[in-house]
Protein chains: 2
Amino acid sequence: MAVGIRDVARAAGVSTATVSRALGKGPVSEALREQVEAAVRATGYRPNLSARRLRSQAAQTIGLIVADIRNPFFTAVSRAVEDAAYQAGMRLILCNTGEDAEREALYLRLMQEERVTGVVFAPTRRTAERLRPEDFAFPLVLIDRTGPPGGHDGVVLDNLAAGAALVDHLVEQGFSRIGGLFGSTSSTAEERRDGYGAAMRRHGLEPRIRTVLPDAEPAEAEVARWLAEPGRPEALILSNGLILMGAVRAARAAGLDLPGGVALAGFDNEPWTDLVAPGLTVIEQPVAEIGAQAMGLLFDRLKTPGQPVRKVVLSGRLIARGSTARR
Amino acid sequence: MAVGIRDVARAAGVSTATVSRALGKGPVSEALREQVEAAVRATGYRPNLSARRLRSQAAQTIGLIVADIRNPFFTAVSRAVEDAAYQAGMRLILCNTGEDAEREALYLRLMQEERVTGVVFAPTRRTAERLRPEDFAFPLVLIDRTGPPGGHDGVVLDNLAAGAALVDHLVEQGFSRIGGLFGSTSSTAEERRDGYGAAMRRHGLEPRIRTVLPDAEPAEAEVARWLAEPGRPEALILSNGLILMGAVRAARAAGLDLPGGVALAGFDNEPWTDLVAPGLTVIEQPVAEIGAQAMGLLFDRLKTPGQPVRKVVLSGRLIARGSTARR
DNA sequence: GCGGACTATGAAAACGTTTTCACAGCACCT
DNA sequence: AGGTGCTGTGAAAACGTTTTCATAGTCCGC
């Protein structure tokens, strides 16, 4: 049943070494190469990747660890990473932490045990802080989130600028009681918060900051509470797509229409954001670019291990829609 | 640098066999087990999974091959499959074919080479037709899509009933010029189409069927064309979430509101479907159940290889919303 | 007190490849 | 003619585990 390289070698009348070379890149005469290929077809041979990896000590595998695969931002980035891996002849292991530090640790351990070539990782803040390069035998590139400076290569959005851009836009549209609801688990949400805060103060406005687990349900609950309070904000900034969705739900449930009842502006130009109500104003992230750059950094580091740590900062693009129209 | 089981054995003053047994389930005295664990901690040993798999001939890995990870239906199913795999102590390899037969073949080959324990697969119609059990050394469970009867275990929606249910609902709401737009690549879309056709005829109505690549852009283009024709349908049935999204876009672009301009009903209760306009009527699929059942079938077959092929058929649930309100 | 059954352990084989090493054959240079 | 260097090939080692096999020790029933 299980046909191995020995069987192919026997069928082709050559040694296993020759079969290996014919299938790989070793020097083999044209005649033998054809014999081997015929034998492979005849026997239906499929190489055993575990054996190959064990012997050649090259996993040809990259790991991708994301926080939440339901978040379209991460699925889009995954596609880009997958394409790059595929083009480089590498396999991809995709893992999902659900923003859970324990699962992050589990999957990082798994990557070590798989002896992967490299890893692209979107860590929670807690994990990012204790990520030490010397603990890993492979290059680790952070995306979306970032750790302490100088640790690992990374590619992130210019979150301070993006947070500020949303404030500037809302102020320009005539809003002033602008609240900000940010995810609690990522450095990215923190930076967006800081950009928001700085811009508010620059405009002479008082920041109103709240924090929530970055998922739709908790966000909806928090926004519902907020909108029920006296002196509730005229406008809200939401730090990612899931939180934005929760906010839309809460506004809808409170009977507030956009932007009259409350204005909303968020992150991630997800496919549905232009379909709801008057259209949602968002900062679009260059998702494909993020994935591609991450793989670029990874391959560069594999080629030149000693080079200084690099951090690529990409700019978002404001897409103004009806949810923040002038009051 | 690379610490192996030999190093642990030396540090603990035992043989490699004992280390292996202490880490696995073999019989080892308590004293030695503790010595070994201490040595593991001291050396920072991480087992090499390639070596382990090669020797033990148990990959402890299941493969999941889906058509399009951007489709929330598949991401939801993935979560369920991942949870089940995780609970069974297995790793998951997730692959994305983009409805491309060539990539399907590539990934199936990869699964063979990885010597996976089993595979869960949502094949295109073309691939499903030529899928022969004897070509695979592992159990293969089909989800969402299905192949010729008796081939592989599978779990699918009752698509005929679901297609018919949408027709019944629309007729009940007073629509009669009801068109159906179905994906071109899956058996599932075909079944939904047949359910639609049968129900239409049962109501004495003429089916109007069109077919499109199951993605938002092609669907939008096709619906735009359709809605511009004379005698255009009053209502449309869309065979999955991406096609539904394209239809919403096209209706919006044509200046038609829902359900006055055109009524829409589709598949997959995606998170955004209740947010757009008057809410979209959909058939909700039991996504978690589908994933869980698929893994159940897989494990059953691993346990009892000889048992007859089973096909689990689950029912969808109609969620009526404003997009099909009575005219 | 002795044989038999069981337990814990170590030495060595085995998993299926790739890679190293040795060498035969041949062309080329002096 | 005799190195020298290159090319293609096979035998065997190597990758890091788990598993088989053998063995020494212990317990138990008679």
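Chain letters run A, B, ... following the sequence lines, proteins first, then strands; residues in each count from 1.
Annotation: side chain to side chain donor-acceptor pair (under 3.5 Å) contacts involving residues 2-11 of chain A, sequence neighbours excluded, are absent.
If you check every strand for non-hydrogen atoms under 4.0 Å, S20(B) touches a base.
Between E114(B) and R53(A) there is a salt bridge, with a side-chain nitrogen of the basic residue lying less than 4.0 Å from a carboxylate oxygen of the acidic one. Between K311(B) and D153(B) there is no salt bridge, since no side-chain N of the basic residue sits under 4.0 Å from a carboxylate O of the acidic one.
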Exercise answer: donor-acceptor pairs, residues 64-77 of chain B side-chain atoms, under 3.5 Å, sequence neighbours excluded:
from: D68(B); atom 1: OD1; to: R79(A); atom 2: NH1; distance (Å): 3.4
from: D68(B); atom 1: OD1; to: R70(B); atom 2: N; distance (Å): 3.0
from: D68(B); atom 1: OD1; to: R70(B); atom 2: NE; distance (Å): 3.2
from: D68(B); atom 1: OD2; to: R70(B); atom 2: NH2; distance (Å): 2.9
from: R70(B); atom 1: NH2; to: D215(B); atom 2: OD2; distance (Å): 3.0
from: N71(B); atom 1: OD1; to: F73(B); atom 2: N; distance (Å): 3.0
from: T75(B); atom 1: OG1; to: P72(B); atom 2: O; distance (Å): 3.1

Could you list the donor-acceptor pairs under 3.5 angstrom formed between side-chain atoms of residues 288-298 of chain B and any protein atom two or more places apart in sequence or on another chain?
from: E289(B); atom 1: OE2; to: Q293(B); atom 2: NE2; distance (Å): 3.0

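Think of the region where chain A sits on DNA chain C: with heavy atoms and a 4.0 Å cut, that region ends 5' and 3' at dG16(C) to dT20(C).
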Quiz item: What one-letter contact string describes nucleotides 4-11 of chain D from 5' to 3', where B marks a base within less than 4.0 Å of any protein heavy atom, S marks contact via sugar-phosphate atoms alone, and - marks no contact?
Solution: ----SBBB
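Side-chain N/O atoms of Q60(B) and T117(B) include no donor and acceptor closer than 3.5 Å. In this structure, a donor-acceptor pair under 3.5 Å is present between the side chains of T185(A) and E99(A).
Annotation: cation-pi pair R103(B)/Y86(A) present, NZ/CZ under 6.0 Å from the ring centroid and within 45° of its normal.
Residues R55(B) and R115(B) each lie close to DNA chain C; by heavy-atom proximity, the contact nearer the 5' end of the strand is made by R55(B).
One end of the helix from dG1(C)-dC30(D) to dT30(C)-dA1(D) points its axis 40° away from the other end's axis, with each axis taken from 5 pairs and the angle rounded to 10°.
For CD of Q87(B), the number of neighbouring non-hydrogen atoms (other residues, nucleotides, ligands) closer than 6.0 Å is 12 at most.
The two atoms that bring G147(A) and L142(A) nearest to each other are N-CD1, 3.6 Å, heavy atoms only.
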